[in-house]
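Down below is the structure, laid out as structure tokens.
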Amino acid sequence: MNLDLTDVALFVRVCATRNLSAAGREFGLSPAASSARMAQLERQLGARLLHRTTRQIALSQDGEVFLERAVALLDAAEQARASVGAGREPQGLLRVAASVSFGRLHLMPWLPEFLERYPGLQLDLRLSDRVIDLAAHGIDVTIRNGPLHDSALIARVLAPSRLLLVASPAYLARHGTPQRPQELSAHQCLVLEGVNPWNFRDADGSLISVRVGGRMRSDNGEAMRDAAMAGLGIALQSTWAVYQQLKSGALVPLLAQYPMALNSVVSAQYLNRNFLPPKTQVFIDYLAARFGPAPYWDEGLPGIGN
């Protein structure tokens, strides 16, 4: 039995998108052609892989078993192509996920150069502040900001993601400048969803935890940065998000002598597989070279100790 790898790849994308027409469009196929290719694959395997209705697609028990084998088969095919194509340019569609803020500020400016360097690649960039399931959405690599957690993903650190408190000069002129973390309870603090309390380290390394509050909260870091610039309060931000405002003086750093306890990084994360496709490898290497342990956004920031 000779399986067509296009049919196998189409099946994997159908499983990821749960939409036969959408998956078919990625291969330049009409809905009718996509359906015909799935039917052909099922005939060859002698098994029903998908339960299809007008509203949804679900994997059959045989489909669940075959999906794992199909992904391994496609990986093996990719590895085989790479093994005989040393020195060739990476080819194909690269699916990347990132947070909205970091994607706009630090991926978009570099993408034209990256795509010019690798003309055989096409890019599908998904920007969302929600954590995306890589397997379910067919994502090759996600760029995440925050502490590293144990997971089924492999992570490569691309840069530090230094955290600090910031406020506008106008806010500080009206409300004063806190000198100790404990004083933050008397201030308007701009709270990012899921990040409360704020934890600091004292000079002796001991933990200082302060539950903060204020009149505004959000699930978007850029909104909190803009609110701080408008004088609405004190915000906890990564230096990559506010470095331009710090250099211009629109925002000023606070409590630099009390570093944040959270160890945050920018990392590239991908599924735990034995083989990393060349298209994913070159993208991660490209970003690592652009960012690194001393990223450009931390250069020359005023009032911040090393």
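For the numbers below, each heavy atom of this structure counts, side chains included, while hydrogens, waters and symmetry mates do not. Position 1 is the first residue of the sequence, and the numbers go up from there.
- Proximity of a side-chain donor or acceptor of Q40 to a complementary backbone N or O of A36 within less than 3.5 Å is not detected.
- The nearest pair of heavy atoms linking G231 to R174 is O-NH2, 2.8 Å.
- What you find for A227 and M216 is that their closest heavy atoms are CB-SD, 3.8 Å.
- Once rounded to the nearest 0.5 Å, the distance linking CG of L105 with CG of L107 reads 9.5 Å.
- Interatomic distance, CD of E183 versus CZ of R180, reported as 6.0 Å (0.5 Å rounding).
- Residues V210 and N196 come closest through the heavy atom pair O-OD1, 4.1 Å.
- Counting only heavy atoms from C-beta outward, the side chains of R217 and L190 never approach each other to under 4.5 Å.
- Looking at D4 and R37, a side-chain N of the basic residue comes within less than 4.0 Å of a carboxylate O on the acidic one, giving a salt bridge.
- Around CZ of R69, the count of heavy atoms belonging to other residues, nucleotides or ligands within 6.0 Å does not exceed 12.
- The distance from the CZ atom of R215 to the CG atom of L232 is 8.0 Å, given to the nearest 0.5 Å.
- Without hydrogens or angle criteria, S248 side chain to Q245 main chain gives a donor-acceptor distance under 3.5 Å.
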Next on the checklist: Evaluate V212 against S185 for side chain to side chain contact (heavy atoms under 4.5 Å, CB included), listing each step before the verdict.
Outcome noted: CA-CA 6 Å; V212 296; S185 59; over 6 Å; no
Checklist entry - Passes side chain to side chain contact (heavy atoms under 4.5 Å, CB included), V282 versus F114? Steps please. => result CA-CA 9 Å; V282 296; F114 174 76; 4.3 Å; yes
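- Residues L125 and L111 form a side-chain contact, since some pair of their non-hydrogen atoms from C-beta on lies under 4.5 Å apart.
- Contact of the T6 side chain with the F27 side chain is registered, since non-hydrogen atoms from C-beta on lie closer than 4.5 Å.
- The backbone N or O of A223 sits less than 3.5 Å from a side-chain atom of N220, completing a donor-acceptor pair.
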Checklist entry - Could you walk me through whether I57 and L20 pass the side chain to side chain contact (heavy atoms under 4.5 Å, CB included) check? => result CA-CA 8 Å; I57 290 178; L20 182 60; 3.8 Å; yes
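- Note that OH of Y258 is 9.0 Å distant from CD of Q179, once rounded to the nearest 0.5 Å.
- Listed here is the closest heavy atom pair of L134 and Y270: CD2-CA, 3.8 Å.
- I234 is not connected to M229 by any chain of hydrophobic side-chain contacts under 4.5 Å among Ile, Leu, Val, Met, Phe, Trp and Tyr, and they are in different clusters.
- Grouping the Ile, Leu, Val, Met, Phe, Trp and Tyr side chains by contacts below 4.5 angstrom, directly or via other members, places L49 with L74.
- Judged purely by atom type and a 3.5 angstrom limit, Q237 uses its side chain to pair as donor or acceptor with the backbone of G221.
- Hydrophobic clustering, with ILVMFWY side chains joined whenever heavy atoms are under 4.5 angstrom apart, groups M224 together with V252.
- L271 contributes atom CG, which lies 10.0 Å from atom CD1 of I139 (distance to the nearest 0.5 angstrom).
- In this structure, CE on M260 lies 10.0 Å from OG on S238, to the nearest 0.5 angstrom.
- With hydrogens and angles ignored, the 3.5 Å screen pairs a side-chain donor or acceptor of E42 with a backbone N or O of L50.
- Panel note: side chain K279, backbone L93; a donor-acceptor pair is recorded below 3.5 Å.
- Proximity of the aromatic rings of Y118 and F283 is defined here by a centroid distance below 6.0 angstrom, and this criterion is not met.
- A continuous path of hydrophobic side-chain contacts links L3 to M38 [ILVMFWY only; heavy atoms under 4.5 Å].
- Between L164 and L254 there is no side-chain heavy-atom pair separated by less than 4.5 Å.
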Checklist entry - Stepwise, does the side chain to side chain donor-acceptor pair (under 3.5 Å) test hold for D62 with S60? => result CA-CA 5 Å; D62 285 333; S60 68; 5.2 Å; no
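- In terms of the ring-ring contact (aromatic ring centres under 6.0 Å, His included) criterion, F200 has no residue partners (sequence neighbours excluded).
- Side-chain contact between L127 and R104: present, with at least one pair of heavy atoms (C-beta onward) separated by less than 4.5 Å.
- Between the side chains of D204 and S206, at least one donor-acceptor pair of N or O atoms lies under 3.5 Å.
- What you find for V242 and L251 is that their closest heavy atoms are CG1-CD1, 4.0 Å.
- Among residues at least two apart or in separate chains, ring pair (Phe, Tyr, Trp, His ring centres under 6.0 Å) pairs with a member in residues 154-198 are Y171-H175, Y171-H187.
- Contact detail for F11 and A70: the closest heavy-atom pair is CD2-CB, 4.3 Å.
- Contact of the L262 side chain with the N199 side chain is not registered, since no non-hydrogen atoms from C-beta on lie closer than 4.5 Å.
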Checklist entry - What do the steps show when you test T239 against L163 for side chain to side chain contact (heavy atoms under 4.5 Å, CB included), and what is the final call? => result CA-CA 6 Å; T239 53; L163 297 170; over 6 Å; no
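- V14 has its side chain out of reach of N19: every pair of non-hydrogen atoms, C-beta onward, lies at least 4.5 Å apart.
- Aromatic pair W240/F291: centroids not less than 6.0 angstrom apart.
- Here the side chains of L192 and D219 are not in contact, with every heavy-atom distance at 4.5 Å or above.
- A donor-acceptor contact shorter than 3.5 Å links the side chain of S34 to the backbone of S30.
- Other residues, nucleotides and ligands contribute more than 12 heavy atoms inside 6.0 Å of the CZ atom of R18.
- Proximity of a side-chain donor or acceptor of Y286 to a complementary backbone N or O of W110 within less than 3.5 Å is detected.
- Both L94 and L115 are part of a single hydrophobic cluster, where members link through side-chain heavy atoms under 4.5 Å apart.
- Taking a cutoff of 4.0 Å between a charged side-chain nitrogen and a carboxylate oxygen, R290 and D285 do not qualify as a salt bridge.
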Donor-acceptor contacts under 3.5 Å from residues 95-102 side chains, at least two apart:
residue	atom	partner	partner atom	Å
R95	NH2	E26	OE1	2.4
S99	OG	F102	N	3.3
S99	OG	N145	ND2	3.2
S101	OG	E222	OE1	3.4

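- Using modelled atom types, no side-chain atom of Q269 and backbone atom of S267 make a donor-acceptor pair closer than 3.5 Å.
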